[in-house]
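In what follows, a structure is listed as structure tokens, so that the remarks can point back to it.
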Number of protein chains: 2
Amino acid sequence: MPDDLTIVRRGPINVAAEMNAGLCVKCEARHVGLCDALGDDDLHFLAGVARRASAARGQIFITEGDPAKQFFNINHGTAKLYKDLPDGRRQIIGFVSTGDFVGLAAEKIFGFTAEALEPIQYCRFDRTELRGVFGRFPIIERRLLDVASHELVIAQEQMLLLGRKTALERVATFLDGWRSRATACAAPNAAPNAALDLPMSRSELADYLGITIETVSRALATLRKQGVVSIGSDHRIAILKPARLAAISQAAE
Amino acid sequence: MPDDLTIVRRGPINVAAEMNAGLCVKCEARHVGLCDALGDDDLHFLAGVARRASAARGQIFITEGDPAKQFFNINHGTAKLYKDLPDGRRQIIGFVSTGDFVGLAAEKIFGFTAEALEPIQYCRFDRTELRGVFGRFPIIERRLLDVASHELVIAQEQMLLLGRKTALERVATFLDGWRSRATACAAPNAAPNAALDLPMSRSELADYLGITIETVSRALATLRKQGVVSIGSDHRIAILKPARLAAISQAAE
DNA sequence: CGGCTATTTGAGTCTAGTCAAAGCCTGTGG
DNA sequence: CCACAGGCTTTGACTAGACTCAAATAGCCG
């Protein structure tokens, strides 16, 4: 887990802050998630406790059961968070992308594993140091509470999906959600019906939706036959009938 | 939704605070959850923005889709939180009891409905007013963040259950979890293997575990035949082999 | 182009769901 | 105190949606 920066901390925060000064301001995630809460000037203090790092595809940067000494903020790329049962069954509890904060849902130890789906860049924060920042910028704590609340809402939606939706509804719900996520991040002038880029495999989709890869494949085939989606290569899917997709996902009609 | 206290607020917080003065200090939930974060003196400020209320069995006190203008804290009793699909399928996303805080997982509107399983008492907080309290007692905000983090961990465990566990494992996991919840709340001298009191019906259990009432019943019958539990009346279950129950719930062996 | 892996499709099985009936508590009223 | 009505729970028989195993196909990368 190599850091791009190796910083030996000897003095108070400002030593590191100077070295990191421009990093946060120029960060790709500057205006999403946590970092958007601070002004450019204040951001320097956050930079002081941030450690930039990257991970290759397939690399694990949080391991379930390890002491939860850090928080993470994704600057670029997508990762999966998952929990395993002893016999190998796996549940992916979420995908995190640019701007997402990881590690809130942890007590003494991490309750999940995090693995990069593609090459990613992220910031690592020492929990103790970040608590110090809280004192100076209460707005960060406020923002973290908002982030946690939002994640709870997402988690509750996912419980409804996993507990009560059919395979077809699950796949439709995922595609609809991923579509809105993509359009929210896209440039305003982007084509509304452009093909989605799915960084995850069918296997990962299955582990996220609580079904098998074969069932994912069959559900996608059904949606394709109904003209709801068009499947280019395996990781590119275009939504042809967004309204129909949303209707299926909400079990309407 | 009748309030036990009808308070007309004319001046600043201290007017209500005086009327509520003893309420929080004597509250059954005084030393659990949110309220335990404050000292007796500081608690008066919290009392100033709290409205006590009660709900009868079956009464709904939060409706999915309504504007989320309040937070709630359960002082006594148990309630279920659930989400419905248009065709009637229901997913219970959690049970809340004495000391639990409700309403963090809400953005503009509530994403779930809350209904009392038995007669309950609770405190209602105006979100705007509580935000004011945050400024004075940052520790409350810190505590709320802890609460939200813990709920996220619980939610992630439940996602694993709903996505990947068998019916038997789900029921075992629930019983094991309810047991530890009960022993955590019980007096230290309580019998360790006393029968559990389950305030929810088989139907509610099924909606929580993502299965049907028949499947719940069959799973309980299996556990009974294996000597793991003993079922008294429908709402009283004794755990005879806690270790075996835990093993089944974790899919170990 | 060829090998490798991921995905799709097919056939059969199984877990859990559905429908139905019987049993059992609970609470009420005579 | 007991009988009875009603709802909740259990059990049984059958069905269905998703899983497993297996084979064919399609992308992807060198």
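Protein chains get the first letters and strands the later ones, always in sequence-line order, with residue 1 at the start of each.
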Next item on the list: Do nucleotides 11-17 of chain C as a string where each nucleotide becomes B, S or -: B if the base has a protein heavy atom under 4.0 Å, S if just the sugar-phosphate does, - if no protein is that close.
Entry: B----SS

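B:Trp178 contributes no side-chain N or O that, together with a main-chain N or O of B:Thr173, makes up a donor-acceptor pair within less than 3.5 Å. No donor-acceptor pair under 3.5 Å is formed between the side chain of B:His150 and the backbone N or O of A:Glu107.
Checked against a 6.0 Å centroid threshold, the rings of B:Phe101 and B:Phe72 do not count as neighbours.
Side-chain N/O atoms of B:Gln91 and B:Tyr82 include no donor and acceptor closer than 3.5 Å. Checked by atom type, the side-chain pair A:Thr215/A:Thr212 shows a donor-acceptor distance below 3.5 Å. No donor-acceptor contact under 3.5 angstrom links the side chains of A:Arg170 and A:Ser249, judged on distance only. In the model, B:Ser54 has no side-chain atom that pairs as donor or acceptor with a side-chain atom of B:Gln121 under 3.5 Å.
Of the residues A:Thr113, A:Asp207, A:Asp84, the one that meets the side chain to side chain donor-acceptor pair (under 3.5 Å) test with A:Arg90 is A:Asp84.
Nucleotide C:dT7 holds its P atom 14 Å from the CZ atom of A:Arg224, rounded to whole Å. For B:Asp234 and C:dT26, the CG to C1' distance is 10 Å, given to the nearest whole Å. The distance between atom CZ of B:Arg202 and atom C1' of C:dG23, rounded to the nearest whole Å, is 14 Å. For the pair A:Glu214 CD and C:dT8 P, the interatomic distance rounds to 11 Å; values are reported in whole Å. Note: CG (A:Leu220) to C1' (C:dT8) measures 11 Å, nearest angstrom. Rounding to whole angstrom units, CZ of residue B:Arg236 and P of C:dC25 are separated by 15 Å.
Protein chain A contacts DNA chain D over a range whose 5' and 3' limits, counting nucleotides with an atom under 4.0 angstrom from a non-hydrogen atom, are D:dA18 to D:dC28.
The pair A:Asp87-B:Arg164 fails the salt-bridge criterion, with no side-chain N (NZ, NE, NH1 or NH2) lying under 4.0 Å from an Asp/Glu carboxylate O. A:Lys80 and A:Glu204 are joined by a salt bridge, as a carboxylate oxygen and a charged side-chain nitrogen come within less than 4.0 angstrom of each other.
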Check: Dot-bracket for DNA chain D: what is it, with Watson-Crick or G-U pairs under 3.5 Å, [ ] where a pair crosses earlier ones, and | for a pair to another strand?
Finding: ||||||||||||||||||||||||||||||

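Residues B:Phe112 and B:Lys83 form a side-chain contact, since some pair of their non-hydrogen atoms from C-beta on lies under 4.5 Å apart.
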